[in-house]
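Written out below as structure tokens is the structure these notes cover.
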Amino acid sequence: MSDPVADIFIYLLLMAGVGFGGIALMGLLIFPDLHSRMYTALRASLICVAAVVGAAVVYVMARFIGAGGDQYAMFLIHALFLAGIVAVGIMVINRQVLDKTKALVYCGSVPVKTADQEKAEP
């Protein structure tokens, strides 16, 4: 068992991670258009990953200070590397989806006619 202060901080970070993961899921299910869904999912999932990795880092730092050992330093490096990969992956996927689905009509806006649609009308 680690320090009680570290344990409380770890539990708070894990609860924040679960909460923001739930917000990301609800954002995907509730919002009407793709851009709102992607914005919510990107922001909330990045905060979720950061909170969970933060909890792992707090645990590793508490164990490293208490017991020492190279395995905790390697775990810290791997956790930070994983967080970086996940953050970059989420942002790249978000950008790819938004670029492929550029909409001409957004929620509540007036539809914009393209040049082809104007020519086709009598």
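Keep in mind that the numbers below use all heavy atoms, side chains included, and drop hydrogens, waters and symmetry copies.
The hydrophobic clustering, which links ILVMFWY residues whose side-chain heavy atoms are closer than 4.5 Å, places Ile47 and Phe9 apart. Under the 4.5 Å side-chain heavy-atom criterion for ILVMFWY residues, no single connected hydrophobic cluster contains both Ile23 and Leu46. Under the 4.5 Å side-chain contact rule for hydrophobic residues, Val58 and Met15 do not share a cluster. A single hydrophobic cluster is seen to contain both Val53 and Phe64, as judged by linkage of ILVMFWY side chains at heavy-atom distances under 4.5 Å, directly or through other members.
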- [ ] Evaluate the side chain to side chain contact (heavy atoms under 4.5 Å, CB included) criterion for residues Thr40 and Leu28: first the C-alpha distance (whole Å), next the side-chain angles of each, then the deciding distance (0.1 Å), finally the verdict.
- [x] CA-CA 7 Å; Thr40 303; Leu28 287 174; over 6 Å; no

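Taking CG from Leu25 and CD1 from Ile30, the interatomic distance works out to 9.0 Å, rounded to the nearest 0.5 Å. To the nearest 0.5 Å, atom CD of residue Gln96 and atom CE of residue Met91 are 13.5 Å apart. Here the CD1 atom belonging to Ile77 is positioned 13.5 Å from the CG atom belonging to Leu82, to the nearest 0.5 angstrom. Between the CD1 atom of Ile93 and the CG atom of Leu42 there is a distance of 10.5 Å, given to the nearest 0.5 Å. The CD1 atom of Ile10 lies 9.5 Å from the CG atom of Asp3; values are rounded to the nearest 0.5 Å. Note that SG of Cys48 and CZ of Phe20 are 9.0 Å apart. Values are rounded to the nearest 0.5 Å.
Val52 is not listed as a side-chain neighbour of Leu13, based on a closest heavy-atom distance of 4.5 Å or more. Two residues are said to be in side-chain contact when any heavy atoms from C-beta on lie closer than 4.5 Å; Val18 and Leu14 fail this criterion.
Heavy-atom minimum distance, Phe75 versus Val60: CD2-CG2, 2.6 Å. For the pair Arg37 and Phe31, the tightest heavy-atom approach, listed with the atom from each and the gap, is NE-O, 2.6 Å. Closest of all the heavy-atom pairs between Val49 and Ala83 is CG1-CA, 4.5 Å.
Heavy-atom neighbours of Tyr72 OH from other residues, nucleotides or ligands within 6.0 Å: above the threshold of 12.
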